[in-house]
Visitor: 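Okay, here's the structure, questions in a sec.
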Amino acid sequence: MKKYVCDVCGYVYDPEAGDPENGIEPGTAFEDIPDDWLCPLCQVGKDQFSVDE
């Protein structure tokens, strides 16, 4: 699975790890995260993330 990086703060969302502290289970693809999820570090939306190349 691809990782996604926050363009604002650099937080990397790793689908294998998920974001359990915010209700995102490990194994959850970025596309399957609810649209109202926010970056756990800087609180921007999913639209501020890009694929980590």
Side-chain angles (χ1 to χ4, degrees):
M1 286 191 211
K2 295 178 183 175
K3 295 180 182 179
Y4 288 77
V5 62
C6 177
D7 298 327
V8 176
C9 73
Y11 169 81
V12 176
Y13 176 75
D14 181 352
E16 291 182 17
D19 182 20
E21 292 180 9
N22 293 297
I24 308 300
E25 295 297 321
T28 302
F30 189 79
E31 296 82 10
D32 295 334
I33 295 173
D35 289 335
D36 61 353
W37 177 82
L38 301 175
C39 175
L41 298 182
C42 71
Q43 306 302 303
V44 297
K46 285 176 59 179
D47 61 331
Q48 298 293 312
F49 280 73
S50 54
V51 176
D52 188 17
E53 300 287 342

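For this chain, numbers begin at 1 and follow the sequence in order. In what follows, every heavy atom counts, from backbone to side chain, and hydrogens, waters and symmetry copies are set aside.
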Visitor: Is the CD atom of E31 crowded by more than 12 outside heavy atoms at less than 6.0 Å?
Guide: yes
Visitor: Using side-chain contact (heavy atoms from CB on, under 4.5 Å) as the criterion, list what pairs up with E16, not counting sequence neighbours.
Guide: D14
Visitor: Any idea which heavy atoms bring K46 and P34 closest together, and the distance?
Guide: CD-O, 3.5 Å
Visitor: Got P40 and Y11 here, is their nearest side-chain heavy-atom distance under 4.5 Å?
Guide: yes
Visitor: If you compare all heavy atoms of S50 against all heavy atoms of D7, which two are closest, and at what distance to 0.1 Å?
Guide: OG-OD1, 2.7 Å
Visitor: Restricting to non-hydrogen atoms, name the atom on V5 and the atom on G10 that form the minimum distance, rounded to 0.1 Å.
Guide: CG2-O, 3.6 Å
Visitor: For the CG atom on D35, are there more than 12 heavy atoms of other groups (residues, nucleotides or ligands in this structure) within a distance under 6.0 Å?
Guide: no
Visitor: If you look at every heavy atom in P26 and A17, which pair is closest and at what distance?
Guide: CG-O, 3.6 Å
Visitor: Is there a path of hydrophobic side-chain contacts, each under 4.5 Å between heavy atoms, that joins L41 and W37?
Guide: yes
Visitor: With sequence neighbours excluded, tell me which residues meet ring pair (Phe, Tyr, Trp, His ring centres under 6.0 Å) with F30.
Guide: Y4, Y13, F49
Visitor: What's the shortest heavy-atom distance between A29 and P15, and which atoms?
Guide: CA-CB, 4.3 Å
